[in-house]
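Positions are given from 1, in the same order as the sequence printed here.
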Amino acid sequence: MISACRTHRSQPGATRRAAIAAALLGLAGSGTALLAGCAPDEDEDKDVQEVLPEKPVLYLYPTSTMGLKVRLDYDGEFTHLYPDAPTDDGRVEWEVTASPNGVLTDSSGRTYPYLFWEGRSRRNLTQDAGAVVAADETNDFLENLSAAAGLDDLEAADLITYWAPRIAARERTLVTVATEQYATMARYTLTDATGQEIIPDAVIRLFLVIGPVPNDPVPEQKLPAPPRRTGFTMVEWGGTEL
């Protein structure tokens, strides 16, 4: 079973922050519900702010090397992709060969550790719960959260080196795991070389919302544990700043 937290003896308060991270992990995903998400109601388009998902990256770990088409349906417009792939009205489809070690290879033989995209959408992402993180606690907090969410060390390092400077740039910030909200606007479909849909055995998605600390106290998130990493595993992390 995946450990729910890490402890850091050199950091006072690490146990509490680890507990907060463990509480936040539940929205990191379980099964296909977060793979596809749910289609939002049309009325939700009214009076909402622009959301800019930053560096969502997708890792794929099949149990054997296989050709895959990875389709992303996004309720918004793409601003950048890597590797490049054709887009059509909020839809992109990558075609790669995926290996069990996570290496993705395109038709030219070029390899990638993950699929990357960014975009903009007009959807509300709320911060009704979360954790207040001080600048000097950022690395420790993100290490605990990554471990709690089920990310491995490489995935955690990728997340931390991207998000830690952004969080630490603020004296204090409210960090919310908003994966279920995010999953309604970013939905993946995987198919093999024969066109058969592939449903991963384990799905871990971790999407952070970074916002200002409100005047009133915000409750901690109380959420279930993530799935075990077994069989075909799909991992994604990303976030946005308010």
Side-chain angles (χ1 to χ4, degrees), residues 1-3 25 27-37 53-74 78-88 90-119 143 145-163 179 182-183 185-208 225-239:
M1 187 64 101
I2 296 168
S3 172
L25 71 89
L27 289 180
S30 59
T32 58
L34 292 184
L35 173 64
E54 294 183 42
K55 201 179 181 182
V57 294
L58 183 72
Y59 308 82
L60 297 168
Y61 305 97
T63 56
S64 60
T65 299
M66 63 188 307
L68 281 176
K69 290 184 178 180
V70 182
R71 191 182 84 198
L72 169 61
D73 290 284
Y74 176 54
F78 298 109
T79 57
H80 202 84
L81 303 166
Y82 191 73
D84 288 329
T87 62
D88 180 23
R91 174 177 293 181
V92 62
E93 185 173 86
W94 291 277
E95 190 165 353
V96 295
T97 298
S99 301
N101 63 1
V103 174
L104 305 176
T105 307
D106 68 13
S107 59
S108 72
R110 190 176 185 91
T111 60
Y112 310 85
Y114 47 66
L115 303 176
F116 158 79
W117 66 276
E118 287 187 335
E143 283 183 352
L145 178 57
S146 297
L151 273 59
D152 67 20
D153 287 346
L154 177 60
E155 296 155 2
D158 290 343
L159 179 148
I160 292 166
T161 53
Y162 185 81
W163 279 110
T179 311
Y182 160 75
M185 66 191 209
R187 303 172 296 279
Y188 290 98
T189 305
L190 311 181
T191 54
D192 64 15
T194 69
Q196 167 128 14
E197 184 173 357
I198 302 296
I199 304 296
D201 300 293
V203 177
I204 297 172
R205 301 183 75 180
L206 179 63
F207 192 84
L208 307 179
R228 296 179 60 194
R229 294 180 69 129
T230 183
F232 189 141
T233 299
M234 171 180 135
V235 179
E236 182 194 37
W237 60 260

If I compare all heavy atoms of [X] with all of [Y], which pair ends up nearest, and what's the gap?
{"X": "Val203", "Y": "Pro200", "value": "CG2-CB, 4.0 Å"}
{"X": "Ile204", "Y": "Ala149", "value": "CG2-O, 3.3 Å"}
{"X": "Leu190", "Y": "Met234", "value": "CD1-SD, 4.5 Å"}
{"X": "Tyr61", "Y": "Pro100", "value": "CD2-O, 3.6 Å"}
{"X": "Tyr74", "Y": "Gly119", "value": "OH-C, 3.5 Å"}
{"X": "Leu206", "Y": "Thr179", "value": "CA-OG1, 3.6 Å"}

Open item on the list: If the threshold is 4.0 Å, N to carboxylate O, is there a salt bridge linking Arg187 and Glu236?
Closed with: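 Salt bridge: no.
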
Okay, side chain of [X], backbone of [Y]: is any donor-acceptor separation there less than 3.5 Å?
{"X": "Glu118", "Y": "Lys55", "value": "yes"}
{"X": "Thr161", "Y": "Ala157", "value": "yes"}
{"X": "Asp106", "Y": "Val96", "value": "no"}
{"X": "Arg71", "Y": "Val92", "value": "no"}

Out of curiosity, [X] [atom1] to [Y] [atom2], how far, rounded to the nearest 0.5 Å?
{"X": "Glu143", "Y": "Asp153", "atom1": "CD", "atom2": "CG", "value": "9.0 Å"}
{"X": "Leu159", "Y": "Tyr162", "atom1": "CG", "atom2": "OH", "value": "10.5 Å"}
{"X": "Ile198", "Y": "Leu60", "atom1": "CD1", "atom2": "CG", "value": "11.0 Å"}
{"X": "Leu145", "Y": "Leu151", "atom1": "CG", "atom2": "CG", "value": "8.5 Å"}
{"X": "Thr189", "Y": "Arg91", "atom1": "OG1", "atom2": "CZ", "value": "7.5 Å"}
{"X": "Asp73", "Y": "Met185", "atom1": "CG", "atom2": "CE", "value": "13.5 Å"}

Open item on the list: Working note: Arg229 + Glu155, criterion salt bridge (Lys or Arg N to Asp or Glu O under 4.0 Å); need CA distance, chi angles, decisive distance, verdict.
Closed with: CA-CA 13 Å; Arg229 294 180 69 129; Glu155 296 155 2; 2.8 Å; yes

Open item on the list: Between Phe78 and Trp117 (judged by ring centroids, cut-off 6.0 Å), do the two rings come close enough to count as a pair?
Closed with: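 Centroid distance Phe78-Trp117: below 6.0 Å, so yes.
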
Open item on the list: So that I know where these two stand, are Tyr82 and Phe116 an aromatic pair - ring centroids less than 6.0 Å apart?
Closed with: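 No, the ring centres sit 6.0 Å or more apart.
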
Task: Result of checking Thr97, Thr111, Leu115 against Leu104 for side chain to side chain contact (heavy atoms under 4.5 Å, CB included) - done: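 Exactly one pass, corresponding to Leu115.
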
TODO: Run through Leu81, Asp84, Leu68 and flag the one making a side chain to side chain contact (heavy atoms under 4.5 Å, CB included) with Trp94.
DONE: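 Result: among Leu81, Asp84, Leu68, Leu81 is the only option passing the side chain to side chain contact (heavy atoms under 4.5 Å, CB included) with Trp94.
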
TODO: Please determine, by modelled atom types, if Asp158 and Tyr114 share a side-chain donor-acceptor pair under 3.5 angstrom.
DONE: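 No, because no side-chain N or O of Asp158 sits under 3.5 Å from a partner of the opposite role on Tyr114.
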
- [ ] Indicate yes or no: at least one non-hydrogen side-chain atom of Trp237 is less than 4.5 angstrom from one of Ser146.
- [x]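 No, every pair of side-chain atoms sits at 4.5 Å or beyond.
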
Task: Enclosure of Lys69 NZ (heavy-atom neighbours >12, cutoff 6.0 Å) - done: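 No, NZ of Lys69 has 12 or fewer neighbouring heavy atoms, counting only those of other groups under 6.0 Å.
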
